[in-house]
Amino acid sequence: MAVLVLADHDLGTLSPATARVVHAVAELGPIDVLVLGEGIDQVATDAAGIAGVARVLVGQGADFTGDFADAIVPLLQTLSANYQHIVSAAGSVGRDVMPRLAARLDLMPVTDVVAVLGPNRFERPIYAGNAVQTVTANQPKQVLTIRASAFRAAASGNAAPIEPVPHQPVASAARVIAAHRTESDSPDLATAQIVVGGGVSVGSAEGFQLIEQLAKKLGAAIGATRAAVDAGYAPNDWQVGQTGKIIAPDLYIAIGISGALQHLAGIQGAKKIVAINSDAEAPLVKLADVALIGDLFTIIPELIAELDKLGFKRP
Amino acid sequence: MKILVAIKRVVDHNVRIRVRPDGTGVETQGVRMSMNPFCKHAVEAAVQLAEAGHADEVVVVSIGPKTANDVILTALAMGAHRGILIETDAELETLAIAKLLAKLVAEENPDLVLLGKQAVDDDSNHVGQMLAALTDRPQATFASAIKVEVQSLEVTREVDFGRITVALPLPAIVTADLRLNTPRNAALPMVMKARSKPLAVRPVAEFGVDIAPRLTVEKVSPPAERAAGRTLGSVSELAGFIAGDIAEMEAL
Ligand SMILES: Cc1cc2nc3c(=O)[nH]c(=O)nc-3n(C[C@H](O)[C@H](O)[C@H](O)COP(=O)(O)OP(=O)(O)OC[C@H]3O[C@@H](n4cnc5c(N)ncnc54)[C@H](O)[C@@H]3O)c2cc1C
Ligand SMILES: Nc1ncnc2c1ncn2[C@@H]1O[C@H](COP(=O)(O)O)[C@@H](O)[C@H]1O
């Protein structure tokens, strides 16, 4: 039976998570990708380009503005009759929508999946990633969210057919009053290859620009601890950890970050970890592949200068 | 308005948990337990709404064993008015929890149900959304601010792109994120007073909900160990390491 993947997109751009979700569920059956919203032609075209996608279904409508679960779930519920797996990325939309859908279908959702072992066998982390559960779901259908950082992206180059889905618009009971987007030209945090993260010890929003400078130099996404976000030094969507984004970059550079359990929950998938910290006993220093002990305010400018000296450049 | 807050008793978030060597689960015997942090923010939000005159009753409910009484007492000490323990020794899945809460919502008919956004033991992040589905109410998950308007709420949600503020008609379901507020520590007189507040204990069977699990947990394993690292002596060594690592990465 077929798989329905709800595409993740914002401001007319398909999120890099979707190709990873498609790759994660590639073995489960032919994959249809559902794109909902307005001004989504480019999103649909990009989704159709993902290898392994059989069809892209497009639901145009103002009723999907704001990604409200009570507007999206009725259509997903109708479509679910044709699918055995209904899947999305474990981002803020998928987390909001999928459990609501599952309850409507009287199903137990399996969320934050990090390994697909079979049509109804999955691995998912619990306790902030300090344990991993292997579960078998004894139910006729599965509603899943996938931790995108745990999977590689499916290739591109496909040109799957794009078809409209007829639907009865269901207006959400809620309405958007304001949206606040973090302006940044850095790569998508959840799927970035390199991430530079800063902690509360950076001391101010201006101080955080040091982190941003290094990130820019390395072509890296920017992460932050909860303490740094709470202090107002970094926007909330930069938070990495149990309550923030889960990252699995090839390289994570943690600057002035102690390494609380809840922060570590977000970086376990990182291939290499570099720690810069004044405290040699900090848990993150113990965990890191490579650590440098010292004051971040001297180290970062020197590091940028040293990288310049090496002629280091990234597009 | 009337507010219902759902709270869960979990292994304290500061405890470094241990996976049982036989893979049957996480060791919870003799481990410090406390109220799920997100639920604390939900209770605090409800109590603040009551203090501001927006709510006249705050009812807290926990589903779990008799010992879950202690988190209900904590919530009552924070300022909730009445507690309900739905008692069961079984480990319930989120679908069953949501079904039980839906029954309670039908009985109590609260204008607002507040929950934590996720429980830090199973890290599910399900119950609020599932309860909203089962009670056919609108939902605002991951709330970092709540403002009361006429028969509606203005809720700011933390989402992948930043923040979104939405207007939500009541009755509604809201799940709390950590930046919603700073939960209070109840002063001793409040802790004493909590003991005299009403606390109903009701067996799970009373609700007539099918609580049979849908998932079989085959095993629970610890995460993969990381290889031991090393400390570098200078910034230039660090620059060399970073440049080398990125060059290797790009060669792939
Ligand atoms: C339920 C719950 C969920 C949470 N979720 C998250 C989450 O998702 N993400 C998250 O990050 N946290 C989360 N937290 C918070 C977490 O427990 C920690 O409080 C937080 O991660 C600490 O952030 P920090 O490392 O910036 O600050 P601190 O722990 O204060 O560490 C600061 C570090 O900076 C170092 N330092 C100080 N000065 C300098 C200097 N000049 N140069 C170099 N190093 C210096 C210190 O040695 C120290 O190691 C959560 C907490 C709870 C209870
Ligand atoms: N056993 C329980 N009793 C009461 N509330 C619960 C219980 N389990 C979950 N909840 C509520 O649902 C929220 C989300 O939990 P979860 O979906 O399990 O991550 C928690 O923060 C609680 O508010």
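Computed over heavy atoms, backbone and side chain alike; hydrogens, waters and symmetry mates excluded. Throughout, protein chains are lettered first and strands after them, A, B, ... in sequence-line order, and every chain is numbered starting at 1.
Between B:Arg226 and A:Asp289 there is a salt bridge, since a side-chain N of the basic residue sits under 4.0 Å from a carboxylate O of the acidic one. Under 4.0 Å is where a charged nitrogen must lie from a carboxylate oxygen, and between B:Asp136 and A:Arg104 at least one such pair does. Comment: A:Asp106 engages B:Arg214 in a salt bridge, judged by a side-chain N to carboxylate O separation of less than 4.0 angstrom.
Both the backbone and the side chain of B:Val217 come within contact range of chain A, with heavy atoms under 4.5 Å apart. Both the backbone and the side chain of B:Phe161 come within contact range of chain A, judged by heavy atoms closer than 4.5 Å. Within the 4.5 angstrom heavy-atom criterion, no atom of B:Glu237 approaches chain A. Both the backbone and the side chain of A:Leu303 have a heavy atom closer than 4.5 Å to some heavy atom of chain B. In this structure, the portions of B:Ala132 lying under 4.5 Å from any heavy atom of chain A include both its backbone and its side chain. With a 4.5 angstrom heavy-atom cutoff, B:Ser234 touches chain A only via backbone atoms. Proximity to chain A (any heavy atom under 4.5 Å) is restricted, for B:Arg137, to the backbone atoms N, CA, C and O. In this structure, the portion of B:Asp245 lying under 4.5 Å from any heavy atom of chain A is its side chain and not its backbone. Of the atoms belonging to A:Ile273, heavy atoms from both backbone and side chain fall under 4.5 Å from chain B. For B:Val11, the part lying near chain A is the side chain, with the backbone staying farther off; criterion is any non-hydrogen pair under 4.5 Å. For chain A, the nearby parts of B:Arg230 are the backbone and the side chain; heavy atoms of each come within less than 4.5 Å. Of the two parts of B:Val26, only the side chain, counted from C-beta on, holds a non-hydrogen atom closer than 4.5 Å to a non-hydrogen atom of chain A. Using a 4.5 Å cut-off between heavy atoms, A:Val285 does not touch chain B at all. In this structure, chain B has no heavy atom under 4.5 Å from any part of A:Phe122. Heavy-atom distances place both the backbone and the side chain of B:Leu232 under 4.5 Å from chain A. Of the two parts of A:Val176, the backbone and the side chain both hold a non-hydrogen atom closer than 4.5 Å to a non-hydrogen atom of chain B. Heavy atoms of A:Pro235 lying under 4.5 Å from chain B are absent altogether. Contact annotation for A:Ile194: only side-chain heavy atoms (C-beta onward) come within less than 4.5 Å of a heavy atom of chain B.
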- Message: Would A:Arg95 and B:His126 count as a side chain to side chain contact (heavy atoms under 4.5 Å, CB included) here? Give the steps.
- Response: CA-CA 8 Å; A:Arg95 285 183 172 151; B:His126 297 166; over 6 Å; no
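In this structure, OG on A:Ser172 lies 8.0 Å from CG on B:Leu168, to the nearest 0.5 angstrom. In this structure, CG on B:Asp122 lies 8.0 Å from OH on A:Tyr127, to the nearest 0.5 angstrom. Put simply, CG on B:Asp177 and CD on A:Gln239 are 7.5 Å apart, with the number rounded to the nearest 0.5 Å. Taking CD1 from A:Ile299 and CG from B:Leu238, the interatomic distance works out to 7.5 Å, rounded to the nearest 0.5 Å. A distance of 6.5 Å separates CD in A:Glu123 from OG in B:Ser221, rounded to the nearest 0.5 Å. Atom CE in B:Met249 sits 7.0 Å away from atom CG in A:Leu251 (nearest 0.5 Å).
Per-residue heavy-atom pair counts under 4.5 Å with chain A were compared for B:Met130, B:Glu93, B:Arg163, and the maximum is reached by B:Arg163. Your options are A:Lys286, A:Arg124, A:Lys271, A:Lys309, and the one with the most heavy-atom pairs under 4.5 Å with chain B is A:Arg124. Taking chain A as the reference chain and counting heavy-atom pairs below 4.5 Å, the highest number among B:Leu178, B:Thr94, B:Val10, B:Asn125 is found for B:Leu178.
With B:Lys117 contributing its side chain and A:Thr243 its backbone, the two residues share a donor-acceptor pair below 3.5 Å. Side chain of A:Asn236 to main chain of B:Glu158: no donor-acceptor pair is present (N/O by atom type, distance under 3.5 Å, no hydrogens or angles). Of the possible polar contacts, one joining the A:Lys245 side chain to the B:Asp160 backbone as a donor-acceptor pair under 3.5 Å is found. A donor-acceptor contact shorter than 3.5 Å links the side chain of B:Gln139 to the backbone of A:Asp96. Using modelled atom types, no side-chain atom of A:Gln268 and backbone atom of B:Pro223 make a donor-acceptor pair closer than 3.5 Å.
Only one option out of A:Asn138, A:Thr136, A:Thr134, A:Asn120 pairs with B:Thr216 in a side chain to side chain donor-acceptor pair (under 3.5 Å); it is A:Asn138.
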